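Data block below; observations after.
Just so we're on the same page: letters track the sequence lines, and every chain starts at 1. All heavy atoms count here, side chains included; hydrogens, waters and symmetry mates do not. Predicted model only: the values in this text are computed from it and were never measured.
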Amino acid sequence: MISSPLLSPMEEEPYLEIYLDQCLNQDEPASTSSHLFSPIGPYDAYLHISSNQETLASHLEPSKDTSDFSSVDLSFLPDELNQENIEQTFTEGKEGVEGNHETQGDPSRLQELSEKNNNDICTHNLSLSNSGLHQLSDGTSTLPSPENSNSSFFPLTSMTPLTPMTPVSEGSGIVPQLQNIVSTVNLACKLDLKKIALHAKNAEYNPKRFAAVIMRIREPRTTALIFSSGKMVCTGAKSEELSRLAARKFARVVQKLGFPARFLDFKIQNMVGSCDVRFPIRLESLVLTHQQFSSYEPELFPGLVYRMVKPRIVLLIFVSGKVVLTGAKERSEIYEAFENIYPILKGFKKA
Amino acid sequence: MSGGAQGRGRCPDCGCAELVEDSHYSQSQLVCADCGCVVSEGLLTTTFADEGHLREVTYSKSTGENERVSRSQQRGLRRVRDLCRVLQLPSTFEETAVSYYQRAFQHPGLHAARLQKKEVLVGCCVLVTCRQHNWPLTMGTICTLLYANLELFSGTYLQIVKVLGLDVPALSLADLVKTYCSSFKLFQASPSVAVKFVEDKEKMIPRTLQLVELASETWLVTGRHPVPVITAAAYLAWRSLQPGGRLTCSLSRFCKLAGVDLPHPAYLRVQELLAILLRMAGQLAWLRILNLDKQTVVKHIGDLLQHRCILLRQAFRDEAEEEEDGQQEEGEEAGSSTLEVLERKRPASSPPPLLPPCMLRPPKRPCPTPADSRITGDEDISDSEIEQYLRTPREIKDFQRAQAASQAVSGAPTPS
């Protein structure tokens with residue numbers, strides 16, 4: 001018996017047996033259950049497996065927009081915290097498994113399910129460990145590194161499903177990277193743009209073209225538009241903190257030029273993130289099924305523009321699998337939007 | 001009111017030339033002075049001045065219908081009708097397009113737009129109508145008809161779809177193929193088209209359709225402009241139908257013969273299609289021994305299209321099956337994604353994956369993963385760091401002198 005990351009062999013046995021029972025109920029040859037005994041590699045490998053295959057968990061995801069841990073079997077966690085959930089999750093798990101057989105979704109999905117059912121148990125187990133681990137990390141203050149998790153066992157602090165701080169869930173193993181943050185700040189004093197352009201090396205000012213000074217700093221690599229009213233727009237930072245730091249540096253430059261600049265109402269206006277799902281996407285089919293949200297005009301733009309309602313984010317989806325998310329005011333909106341779109345995109349993976 | 005009788009015509013009864021304008025109550029009548037027969041009566045319409053001159057007043061003018069509609073909107077509606085007639089659209093399309101234009105005109109954003117945008121709006125309404133009836137009309141066609149640039153057209157089109165909340169279906173590729181190919185001038189011999197280049201429409205269009213379907217199955221159509229794909233497919237289909245005389249004909253020559261513009265991406269599409277066809281040909285035993293290249297494979301396009309389903313499946317392995325095999329064979333070093341599966345060592349004889357061309361090309365530069373820094377945003381900012389961005393007084397003087405000098409040389413007005 002191999003040891004799974006979070007349980008000692010003794011504790012995990014009864015739960016494995018229950019899984020095996022479920023598995024025998026399905027029309028799968030017994031040899032496929034050998035997947036449970038596949039040797040454990042680095043933790044990262046499991047993240048990638050679950051991202052590659054159509055997991056049971058993603059089918060079980062309820063339509064709630066918050067965390068989808070309620071349908072996930074958390075029975076491997078210590079008893080007193082989740083006794084009440086065990087029964088519920090088991091029945092849901094069973095329904096989910098049976099439900100998958102009856103799914104009359106696209107033929108591709110059905111085909112996937114029949115092919116992948118043998119893998120589902122393995123990934124289900126692994127995805128639980130993912131979800132369990134990250135739920136645990138909510139409670140603890142430091143994020144455990146994946147390599148350490150194999151040996152330690154973390155006490156569970158809270159059972160209520162929380163939106164994870166780190167954006168990894170069973171659905172995908174992919175984290176969108178932030179590419180650009182746009183923020184505004186009020187310097188609260190009238191500025192003489194000509195004087196700024198004259199005294200600062202990193203400023204350009206062309207009043208015939210645009211009525212603001214364009215100033216750039218090297219660290220963090222950002223650009224600011226400074227208006228004569230004292231308002232400033234800062235763009236190009238890769239994180240919220242960097243944007244704030246950059247805005248402060250710009251304000252400091254203006255201060256050193258002799259203006260009584262302050263730093264009021266710093267606000268992040270827009271955040272742009274991008275990621276890669278690493279499989280090609282049939283945009284024509286996506287626009288047919290999600291017509292009310294998508295706009296795909298190959299004559300105008302090669303990507304599909306998906307306007308998600310909750311959270312209010314615009315996603316640009318390309319045939320290569322790259323996704324750009326924009327319109328967020330908070331980092332969590334980007335992560336949430338990606339987690340919402342990932343199962344939809346997976347549905348078009350082999351269409 | 002009574003006026004002179006000259007120049008009003010003759011009485012039909014007695015032939016007398018003396019016709020008097022007389023009014024019976026408020027209705028004016030033209031009466032023969034001799035026999036009293038009423039030659040003509042006033043019209044039951046409104047405008048006093050016009051009736052005074054016995055000129056007919058049209059319904060739309062008399063009811064004031066057009067007074068409600070501004071002149072600019074009237075002009076736009078007329079343009080919509082003209083455009084529909086030029087494109088020879090059915091009459092129902094005209095009414096729909098007119099109603100869209102009227103609705104769009106209500107919106108303040110479009111109401112106050114410049115004339116150029118209103119002109120483009122005409123095209124957008126017609127395009128939306130055509131799309132909704134599955135009439136294949138490309139944006140390029142409308143832009144050339146309206147002499148508009150595509151950027152303005154695209155902005156207005158997306159705006160109007162959002163503003164009116166319209167549900168616009170996608171351009172139907174099959175219909176576009178038929179319309180586009182029917183516009184070719186290859187179906188009859190003419191001074192510019194030699195007999196060996198003439199092709200039967202009924203043979204060319206189905207083959208082009210099959211090639212376009214092949215392209216869409218192999219990811220050559222998604223995300224790309226549809227017209228170059230169709231041009232490329234038509235070119236290959238035309239060549240394959242009579243390879244004897246046509247193998248040497250280039251794409252640009254073909255477009256000149258057909259009388260259509262050559263879209264630049266068509267070159268790439270031809271290459272991509274040929275690559276797919278070569279892969280498929282590699283699966284047929286009797287073609288494998290021939291060692292086909294991009295020219296000679298054209299001769300066998302007919303056979304390849306006939307068996308395309310099976311050949312595609314054999315020629316390109318499905319990534320799903322690859323992953324499954326990968327999983328079962330290489331348990332611990334599990335493949336992380338489609339791309340990494342490609343990069344790993346696999347037997348040289350295994351077929352390549354069926355992916356869009358953008359995924360097959362190696363990435364231009366590696367995407368840098370950002371350093372996970374613990375920046376709080378409230379760090380101290382050193383003075384020296386800020387001072388590096390400021391000019392010294394000496395530099396300021398130099399800069400001002402240089403600016404003044406350059407302004408004096410160029411003769412520009414006072415510097416900024």
Which atoms of [X] are under 4.5 Å from chain A, going by heavy atoms: the side chain, the backbone, both sets, or neither?
{"X": "B:Arg131", "value": "side chain"}
{"X": "B:Glu395", "value": "side chain"}
{"X": "B:Thr392", "value": "neither"}
{"X": "B:Thr376", "value": "backbone"}
{"X": "B:Phe399", "value": "side chain"}

Please flag which part of [X] lies under 4.5 Å from any non-hydrogen atom of chain B: side chain, backbone, both or neither.
{"X": "A:Leu304", "result": "neither"}
{"X": "A:Leu300", "result": "side chain"}
{"X": "A:Glu297", "result": "side chain"}
{"X": "A:Ser295", "result": "side chain"}
{"X": "A:Phe318", "result": "neither"}
{"X": "A:Val287", "result": "neither"}
{"X": "A:Ala197", "result": "backbone"}

Using a cut-off of under 4.5 Å on heavy-atom pairs, state which of B:Glu151, B:Lys162, B:Glu379 scores highest against chain A.
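Among B:Glu151, B:Lys162, B:Glu379, the one with the most close pairs to chain A is B:Glu379.
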Is the CZ atom of B:Arg279 crowded by more than 12 outside heavy atoms at less than 6.0 Å?
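Open: at most 12 neighbouring heavy atoms sit under 6.0 Å from CZ of B:Arg279.
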Check: In terms of heavy-atom contacts, does CG of B:Asn149 have more than 12 from other residues, nucleotides or ligands at under 6.0 Å?
Finding: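 Result for CG/B:Asn149: enclosed.
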Exercise for review: State plainly whether the residues B:Glu272 and B:Arg269 are in salt-bridge range, i.e. N to O under 4.0 Å.
Suggested key: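 Salt bridge between B:Glu272 and B:Arg269, a charged N being under 4.0 Å from a carboxylate O: yes.
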query = Got a salt bridge between B:Asp398 and B:Arg391, using NZ or NE/NH1/NH2 to carboxylate O under 4.0 Å?
reply =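 No, B:Asp398 and B:Arg391 are not salt-bridged.
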*Quick check: does any side chain N or O of A:Gln255 sit under 3.5 Å from a backbone N or O of A:Ala261, one acting as donor and the other as acceptor?*
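Yes.
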Checklist entry - Does a side-chain heavy-atom distance below 4.5 Å link B:Leu211 with B:Val229? => result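 With C-beta onward as the side chain, the pair stays apart.
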Pairs of heavy atoms under 4.5 Å with chain B: top-ranked of [options]:
{"options": "A:Glu284, A:Lys256, A:Arg248", "value": "A:Arg248"}
{"options": "A:Arg218, A:Met215, A:Gln292", "value": "A:Arg218"}
{"options": "A:Leu283, A:Leu198, A:Ile281, A:Leu193", "value": "A:Leu198"}

Query raised in the report: Are A:Arg244 and A:Phe266 in a cation-pi contact, defined as NZ or CZ under 6.0 Å from the six-membered ring centre and within 45° of the axis?
Result: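 Yes, a cation-pi geometry.
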Distance under 6.0 Å and angle within 45° of ring axis: A:Lys249 vs B:Tyr389:
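Judged by the rule, A:Lys249 and B:Tyr389 form no cation-pi pair.
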Say whether A:Glu299 and B:Tyr157, considering side chains only, have a donor N or O and an acceptor N or O under 3.5 Å apart.
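No pair is found: no donor N or O on one side chain lies under 3.5 Å from an acceptor on the other.
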